[in-house]
K.L.:
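Pasting in a structure now, in structure tokens, and then I'll have a few things to ask.
All chains are named by letter (A, B, ...) in the order of the sequence lines, taking the proteins before the strands, and each is independently numbered beginning at 1.
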Amino acid sequence: MGKKLYITTAIPYVNAKPHIGNALDYLIADIWTRYQKQNGHEVRFQVGTDEHGNKIAAKAAENNTDPKAYTDQMYGNFQSLMTKVGAEFTDFVRTTDEHHVQAVQYIWQKLQTYIYKGKYEGWYCVGHEAFFTDKEVQATGGICPDHQKPYEHISEDNYYFKTSAFTDKIREAIETDRIFITPEFRKKEFLELIKDGLKDVSVSRPRKNLSWGVPVPGDPDQVMYVWLDALANYITVLGYPDKEGWQEYWPADVQVIGKDILRFHAGIWPAMLLGLEIPLPKKLLVHGFVNVGGAKMSKTVGNVIDPNEIIDNYGLDAFRYFFARHIPTLDDGDFTWEKFETAYNNELGNDLGNVVQRVSAMVTRYQAGVIGDAPQSEHDMQPYRDAMNSLNFNQALDQVFLMVRGLNQYLENVKPWEVAKQKDTDPEAESHLAEILASAVGTLLQISDLLVPFLPGTAKAIQSTFETGVIAPGTGVLFPKIYLHTPDPHAGQPPKSA
RNA sequence: GGCAGCGUAGCUCAGUUGGUUAGAGCGCGAGACUCAUAAGCUCGAGGUCACAGGAUCAUUCCCUGUCGCUGCUACCA
């Protein structure tokens, strides 16, 4: 029954600062992982860092250290973000790992028939580690606007990987959903993109231009460029090719990526796998970007949202809640502190936190904390399951909060506080009351169950409050009100906008 | 330029395989209640469902065009 499942996240370049997009990767993968575990499956959950390339080498040189030592001190930034968002990953891969490097060299050799040597000429920017077209160079007057350095015209030997050889197979795999790309419009976008076939990609650089990377086997003058190196991580971390057991988890069930790297994961990566004669991943989950008040997040604008700030002020579950429910899993979303805080205070505080509180308070007050047998709640779970299985996590949470609302409505309907008053006069009131409260607790326990993938801490708190049949004493308030970015409605004269 | 998609209540969006009063949340207004984090519940406010044509007994939901917007992509060199 329990299957072995595998989920991956994109490995960020270690020289960059962790941002909300990375956090989204980890959160989405973690929600999926917890959900699958809850259903009895064994899950391997990969994360990692991409650590080669000129930027790293340059930074290291700046700091008078060697690249490896530099990355050793950098990769922790991402590791701590993963931990901070509560990601229960099982495997952490660094592209500088000994095993990874060797595995990539093995892959290179195995792909030999699809690799050929060619020349590349063009305008190169050291800062970007990339070539630019004549037009781009012209348009900028020959100076890279991002790095304020002139483009260099260079000609160099490159090895190319013949992705073009796999166009038909890849197109077919995507069209038939053997690689299931979700959401659908990303699938269409990609198919449109490869209408005229995949283009071969350059997969190496002369050593003089790229010092820090995996050496090309058999050619001391060439070093691998990012693609083969970085993409391979998804299998090398499992132990490919030599360590036992990697095939128990590959192909990946879900690969979580941002929309900006779809083309690599739907093109080059499947080509590599086909070349290696390894099965293709089953699903690509393509998430969007998080905007802030409708604008792109950018350092220059200064509107970058730091996950740490949210988590430190409101708690981990509040962070997970907002980004799971109010940022659509499969599309762009929008963050503002006002939206966040409103969701926190209203949905988590007033709706969820409060209903837990009111039920436990009534059980304590009317029944000395004794719950009795909480019946199995009989809500229809299908919409929730459908949403989870189709990777629309935000919709799954919508369903949970429909239940929360339903429970509040139920309580208003049956008015246990009135039933409690009749205990002296009506002999049946006591058992009636007990029934009502037990039923409410049953619903809460089910809600907590559904929250496990999303708000693990909250789910646990609800469970431990009720599961023994007696209200656990000293249960604190879930999600106390916080007004850092919106006016406190109860603080004297609330500032009212016209 | 090509491809895809969007334009529905103040805001964010859902929806109708075309058919009586077009929905939710937030925000706003009102009411009844008191177990609870001064929470929750109920009710209300009336939006030409972008605009114009067309097909249809009938369309917000199909077709065409126009305007506006978004994403992906290409290029004009």
Side-chain angles (χ1 to χ4, degrees), chain A residues 133-139 181 183-196 199 258-263 266-267 286-289 291 293-296 322 325-328 330-336 338-367 369 383 387 392 394-395 397-399 401-402 404-421 423 433 436-437 440-441 444 465 471 475-483 486-492 494 496-498:
Chain A
T133 62
D134 291 351
K135 277 159 211 151
E136 284 169 303
V137 172
Q138 255 177 29
I181 299 178
E184 170 105 23
F185 69 90
R186 297 289 174 209
K187 166 180 166 181
K188 285 186 187 158
E189 264 176 26
F190 185 75
L191 286 172
E192 172 67 17
L193 181 67
I194 62 167
K195 195 174 48 179
D196 300 321
K199 292 187 186 87
K259 64 181 182 181
D260 53 327
I261 53 175
L262 170 62
R263 54 167 63 194
V286 188
H287 71 248
F289 290 165
N291 295 319
K296 274 187 186 168
F322 188 86
R325 184 166 188 211
H326 293 291
I327 304 296
L330 301 175
D331 210 340
D332 290 352
D334 194 54
F335 178 94
T336 65
E338 289 71 25
K339 281 183 189 176
F340 177 83
E341 197 158 284
T342 301
Y344 174 86
N345 284 322
N346 291 1
E347 296 163 17
L348 289 177
N350 292 345
D351 295 336
L352 176 61
N354 182 59
V355 81
V356 169
Q357 186 73 5
R358 70 194 297 209
V359 170
S360 76
M362 283 190 279
V363 174
T364 301
R365 182 156 159 182
Y366 302 143
Q367 300 181 163
N392 287 288
N394 53 311
Q395 291 175 13
L397 268 179
D398 286 345
Q399 290 300 320
F401 276 76
L402 232 41
V404 171
R405 173 175 291 250
L407 179 54
N408 270 319
Q409 289 168 327
Y410 168 77
L411 292 173
E412 296 295 335
N413 252 340
V414 297
K415 299 182 174 52
W417 49 93
E418 280 186 8
V419 179
K421 284 179 195 157
K423 272 205 283 193
L433 180 60
I436 291 169
L437 294 179
V441 168
L444 282 178
T465 299
I471 298 292
T475 310
V477 167
L478 297 172
F479 309 111
K481 293 296 169 58
I482 298 175
Y483 299 101
T486 56
D488 181 347
H490 309 301
K496 210 165 185 176
S497 52

K.L.:
Report the distance from atom CH2 of A/W417 to atom P of B/rC33, rounded to the nearest whole Å.
P.N.:
13 Å

K.L.:
Once you round it to whole Å, what is the distance between P of B/rC69 and CG of A/D332?
P.N.:
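These atoms are roughly 18 Å apart.
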
K.L.:
Do A/E192 and A/E189 make a side-chain contact, defined as non-hydrogen atoms from C-beta onward lying under 4.5 Å apart?
P.N.:
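No. Closest side-chain heavy atoms not under 4.5 Å.
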
K.L.:
In whole angstrom, what separates A/D334's CG from B/rC69's P?
P.N.:
19 Å

K.L.:
Nearest 0.5 Å, what's the NE2-CZ distance between A/H287 and A/R186?
P.N.:
10.0 Å

K.L.:
Working to the nearest 0.5 angstrom, can you tell me the gap between A/T486 OG1 and A/F340 CZ?
P.N.:
11.0 Å

K.L.:
Just how far is it from atom CD of A/Q357 to atom CG of A/L352, taken to the nearest 0.5 Å?
P.N.:
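Answer for the CD-CG pair, A/Q357 versus A/L352, is 11.5 Å.
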
K.L.:
Side chain of A/K421 only, please: which of B/rC72, B/rG40, B/rC35 is the nearest?
P.N.:
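Selected nucleotide (nearest to the side chain): B/rC35.
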
K.L.:
Please figure out whether A/R186 or A/Y483 has its closest RNA chain B nucleotide nearer the 5' end.
P.N.:
A/Y483

K.L.:
How would you label the contact of A/Y366 with the nucleic acid (heavy atoms, under 4.0 Å): base, sugar-phosphate, or nothing?
P.N.:
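Sugar-phosphate, backbone atoms only, no base.
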
K.L.:
State which residues pass side-chain contact (heavy atoms from CB on, under 4.5 Å) with A/T336; sequence neighbours excluded, sorted by chain then number.
P.N.:
A/D334, A/E338, A/K339

K.L.:
For B/rU73, does either OP1 or OP2 sit under 4.0 Å from a side-chain N or O belonging to A/R263?
P.N.:
yes

K.L.:
Tell me if a side-chain donor or acceptor on A/Y344 pairs with a main-chain N or O of A/Y483 at a distance below 3.5 Å.
P.N.:
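No; judged by distance alone, with no hydrogens or angles, the pair does not exist.
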
K.L.:
Keeping A/N346 on the side-chain end and A/D351 on the backbone end, is there a donor-acceptor pair under 3.5 Å?
P.N.:
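Checking the backbone N and O of A/D351 against the side chain of A/N346, no donor-acceptor pair under 3.5 Å is found.
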
K.L.:
Distance check needed: B/rU12 C1' versus A/D398 CG, whole Å only.
P.N.:
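Rounded to whole Å, this separation is 12 Å.
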
K.L.:
Give a yes/no on whether any side-chain N or O of A/R358 is located under 4.0 angstrom from OP1 or OP2 of B/rG40.
P.N.:
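Looking at the OP1 and OP2 atoms of B/rG40, neither is under 4.0 Å from any side-chain N or O of A/R358.
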
K.L.:
If B/rC75 has a Watson-Crick or G-U wobble mate with both distances under 3.5 Å, name it; if not, just say none.
P.N.:
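Per the H-bond distance test, none.
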
K.L.:
Could you give the distance separating B/rG2 and B/rG46 at their P atoms, to the nearest angstrom?
P.N.:
44 Å

K.L.:
Considering only the P atoms, how many Å lie between B/rG25 and B/rC69, rounded to the nearest integer?
P.N.:
32 Å

K.L.:
Which sits closer to the 5' end of RNA chain B, A/K259 or A/L411, going by the nucleotide each is nearest to?
P.N.:
A/L411

K.L.:
Considering only the C1' atoms, how many Å lie between B/rA14 and B/rG7, rounded to the nearest integer?
P.N.:
15 Å

K.L.:
Would you measure the distance from the C1' atom in B/rC13 across to the matching atom in B/rU8 and give it in whole Å?
P.N.:
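Looking at atom C1' only, B/rC13 and B/rU8 are 9 Å apart.
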
K.L.:
Do the side chains of A/Y410 and A/I436 get nearer than 4.5 Å, heavy atoms only?
P.N.:
yes

K.L.:
For atom P, what is the distance between B/rU56 and B/rC51, given to the nearest Å?
P.N.:
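Going atom to atom, P in each nucleotide, I get 23 Å.
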
K.L.:
Roughly how many Å is it from NZ in A/K415 to C1' in B/rG40, rounded to a whole number?
P.N.:
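After rounding, the reported distance stands at 12 Å.
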
K.L.:
Checking all strands, does A/D351 fall into the base, sugar-phosphate, or nothing category for heavy-atom contacts under 4.0 angstrom?
P.N.:
sugar-phosphate

K.L.:
Which base sits across from B/rC61 as a Watson-Crick or G-U pair, both distances under 3.5 Å?
P.N.:
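By the stated definition (distances under 3.5 Å), nothing pairs with B/rC61.
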
K.L.:
Using the C1' atoms only, state how far B/rA50 lies from B/rU60, rounded to an integer number of Å.
P.N.:
11 Å

K.L.:
Which one is paired to B/rU56, where only Watson-Crick or G-U wobble pairs with both distances under 3.5 angstrom count?
P.N.:
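Result: none.
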
K.L.:
In whole Å, I'd like the distance from the CG atom of A/L352 to the P atom of B/rA36.
P.N.:
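Rounded to whole Å, this separation is 18 Å.
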
K.L.:
Distance check, P atoms only: B/rC62 and B/rG5, in whole angstrom units.
P.N.:
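Per the computed distance, 12 Å lies between those P atoms.
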
K.L.:
Counting just side-chain N and O atoms, does A/N350 come under 4.0 Å of either OP1 or OP2 of B/rG40?
P.N.:
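Answer yes for this pair, as a side-chain N or O of A/N350 is under 4.0 Å from OP1 or OP2.
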
K.L.:
Applying the Watson-Crick and G-U wobble criteria at under 3.5 Å, what pairs with B/rU21? Answer none if nothing qualifies.
P.N.:
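No nucleotide pairs with B/rU21.
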
K.L.:
State whether A/Q409 places a side-chain N or O below 4.0 Å from either non-bridging phosphate oxygen (OP1 or OP2) of B/rU42.
P.N.:
yes

K.L.:
Does A/R365 put a side-chain nitrogen or oxygen below 4.0 Å from OP1 or OP2 of B/rA36?
P.N.:
yes

K.L.:
Between N or O atoms, less than 3.5 Å apart, protein on one side and nucleotides 1-6 of chain B on the other: list the pairs.
P.N.:
none

K.L.:
Rounded to the nearest angstrom, tell me the gap between atom CG in A/N291 and atom P in B/rU12.
P.N.:
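In whole Å, B/rU12 P lies 13 Å from A/N291 CG.
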
K.L.:
For B/rG7, give its Watson-Crick or G-U wobble partner with both distances under 3.5 Å, or none.
P.N.:
B/rC67

K.L.:
Taking NZ, NE, NH1 and NH2 as the nitrogens, is one of them in A/D488 or A/K481 under 4.0 Å from a carboxylate oxygen of the other?
P.N.:
no

K.L.:
Could you measure between the two P atoms, the one in B/rC11 and the one in B/rU17, and give it in whole Å?
P.N.:
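Their P atoms lie roughly 27 Å apart.
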
K.L.:
Any strand counts, and the cut-off is 3.5 Å on both contacts for Watson-Crick or G-U wobble. Which nucleotide pairs with B/rG31?
P.N.:
B/rC41

K.L.:
Quick one: does A/Q399's side chain have a donor or acceptor within less than 3.5 Å of a partner on A/P383's backbone?
P.N.:
no

K.L.:
Name the pairing partner of B/rU16, where a pair is Watson-Crick or G-U wobble with both distances under 3.5 Å, or state none.
P.N.:
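Base partner found: none.
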
K.L.:
If you compare every side-chain N and O of A/R325 against the phosphate oxygens of B/rG25 (OP1, OP2), does one of them come in below 4.0 Å?
P.N.:
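Indeed not, no polar side-chain atom of A/R325 lies that close.
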
K.L.:
So what's B/rC49 paired with, Watson-Crick or G-U wobble, going by both distances under 3.5 Å?
P.N.:
none

K.L.:
Could you tell me how far apart A/K296 (NZ) and B/rG71 (C1') are, to the nearest whole angstrom?
P.N.:
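So the two atoms are 10 Å apart, to the nearest Å.
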
K.L.:
Need one value for A/N413: base, sugar-phosphate or nothing, where a base atom within 4.0 Å counts as base even if backbone is also close, heavy atoms only.
P.N.:
nothing

